[in-house]
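Have a look at the structure below before the remarks.
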Amino acid sequence: VGGPTLPLGLPFPDGDEIVDLQVPKHEVKTKFEEAKTLPRVLLNDIDVNWLQVVAEGWAAPLKGFMREGALLQTIHFNSMLVDPYNLTGTKSMHNKQTNWMDFDNIPPKRVSMSVPITLPITLYTKLQIELSKKKSVTLCNKHGQILAILRNHEIYPHRKEEIIARIFGVIDP
């Protein structure tokens, strides 16, 4: 009883799409060489853990750190709008820059997403990314080891106090 399932009877993840962002072995060398040419973003240990969660598909339907639109949906509604079957032409909505003026294309399905998964960066890192004018950045751990390439990033103000207030219900200024 219920909707479609994966082999072995397992249900599809939220958003009805399997997400696996790990690089296939035959592409690792090429991606590693590309990563060496991009601006670097240093991740702390918590960010590295979130990167793993997203890359392995545990935060489906996310395919990267949240963009501003997804973040605001998450902190205000504990969910995100998605269109896994592209019924409204918004399947890749969370992979593009947030467009606050698009009121015509609204995804038809809401999935649970109560934890914001963002990548806060320093002002220095933001300036380095903007000066490079590249559409991708290399994500590195605290030892400088290359972990991933983040493509088509969106930089927006980090709403730390708003996130804390909305998620935990308290704020201590």
Side-chain angles (χ1 to χ4, degrees), residues 6 10 12-75 79-84 86 90-99 107 111-164 167-168:
L6 294 168
L10 296 172
F12 277 92
D14 272 351
D16 295 332
E17 188 175 1
I18 296 173
V19 176
D20 181 6
L21 302 176
Q22 297 179 64
V23 177
K25 289 186 190 254
H26 67 277
E27 295 180 21
V28 169
K29 187 175 181 182
T30 307
K31 301 288 184 192
F32 190 75
E33 292 303 317
E34 178 189 358
K36 289 179 182 178
T37 68
L38 300 171
R40 292 182 176 221
V41 174
L42 179 65
L43 304 183
N44 63 33
D45 290 339
I46 293 172
D47 297 332
V48 170
N49 290 329
W50 281 123
L51 176 64
Q52 181 180 359
V53 166
V54 171
E56 291 179 355
W58 294 105
L62 288 181
K63 294 180 182 167
F65 290 98
M66 287 182 172
R67 297 181 176 279
E68 191 173 22
L71 170 65
L72 292 176
Q73 289 178 52
T74 297
I75 64 176
S79 61
M80 284 175 31
L81 290 169
V82 296
D83 186 359
N86 208 27
T90 56
K91 181 175 182 165
S92 61
M93 177 175 113
H94 298 297
N95 301 333
K96 298 178 185 171
Q97 296 287 332
T98 301
N99 180 359
V111 298
S112 178
M113 184 65 67
S114 58
V115 178
I117 302 176
T118 61
L119 178 61
I121 59 174
T122 64
L123 180 59
Y124 175 79
T125 303
K126 176 183 181 256
L127 293 173
Q128 294 304 311
I129 293 169
E130 289 171 347
L131 287 173
S132 75
K133 298 189 191 293
K134 296 199 175 183
K135 299 281 185 195
S136 302
V137 296
T138 298
L139 304 179
C140 300
N141 67 9
K142 62 184 176 186
H143 304 293
Q145 179 184 7
I146 294 173
L147 302 175
I149 297 174
L150 179 63
R151 300 191 187 284
N152 195 22
H153 51 271
E154 180 176 3
I155 297 175
Y156 54 90
H158 181 47
R159 297 176 162 88
K160 183 169 67 173
E161 289 82 10
E162 183 179 0
I163 291 170
I164 292 168
I167 301 303
F168 300 106

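As the structure is a prediction and not an experimental result, all values here were calculated from the model.
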Tell me, please, which residues at least two apart from [X] pass side-chain contact (heavy atoms from CB on, under 4.5 Å).
{"X": "Val19", "result": "Leu21, Ala60, Lys63"}
{"X": "Ser92", "result": "Asn95, Lys96"}
{"X": "Asp20", "result": "Gln22"}

4.5 Å side-chain heavy-atom contact, [X] and [Y]:
{"X": "Glu162", "Y": "Leu71", "value": "no"}
{"X": "Val53", "Y": "Leu62", "value": "no"}
{"X": "Leu147", "Y": "Gln52", "value": "no"}
{"X": "His94", "Y": "Pro61", "value": "no"}

Looking only at heavy atoms, which two atoms of [X] and [Y] are closest? And how far apart?
{"X": "Gly64", "Y": "Val54", "result": "N-CG1, 3.4 Å"}
{"X": "Pro39", "Y": "Ser136", "result": "CD-O, 3.7 Å"}
{"X": "Leu81", "Y": "Gln73", "result": "N-OE1, 2.7 Å"}
{"X": "Leu139", "Y": "Phe65", "result": "CD1-CE1, 4.1 Å"}
{"X": "Met113", "Y": "Thr74", "result": "O-CG2, 3.0 Å"}

Got a list of side-chain donor-acceptor pairs under 3.5 Å for residues 115-124, not counting sequence neighbours?
{"residue": "Thr122", "atom": "OG1", "partner": "Thr125", "partner atom": "N", "Å": "3.1"}
{"residue": "Thr122", "atom": "OG1", "partner": "Thr125", "partner atom": "OG1", "Å": "2.9"}

Filter on salt bridge (Lys or Arg N to Asp or Glu O under 4.0 Å), then keep only pairs touching [range], sequence neighbours left out; what's left?
{"range": "residues 111-127", "answer": "Lys126-Glu130"}
{"range": "residues 66-75", "answer": "Arg67-Glu154, Glu68-Arg159"}
{"range": "residues 131-149", "answer": "Asp45-Lys142"}

* Counting N and O atoms only, with roles assigned by atom type, does the side chain of Asn44 sit under 3.5 Å from a partner on the main chain of Val48, one being a donor and the other an acceptor? -> no
* To do: Mark yes or no for whether Gln97, through its side chain, and His153, through its backbone, hold a donor-acceptor pair below 3.5 Å.
  => yes
* To do: Please identify each residue that fulfils side-chain hydrogen bond (donor to acceptor under 3.5 Å, both in side chains) with Asn141, with sequence neighbours left out.
  => Gln145
* side-chain hydrogen bond (donor to acceptor under 3.5 Å, both in side chains) with Ser112: which residues, sequence neighbours excluded? -> none
* Could you tell me which residues satisfy salt bridge (Lys or Arg N to Asp or Glu O under 4.0 Å) with Arg40, sequence neighbours excluded, listed by chain and number? => none
* Structure fact -> The side-chain contact (heavy atoms from CB on, under 4.5 Å) partner of Val41 among Thr138, Leu150, Ile129, Asp47 is Ile129
Result block: side-chain N/O donor-acceptor pairs under 3.5 angstrom for residues 23-32, not counting sequence neighbours:
none

* Asked: Got a sec: does the CG of Leu131 have more than 12 other heavy atoms crowding it under 6.0 Å?
  -> yes
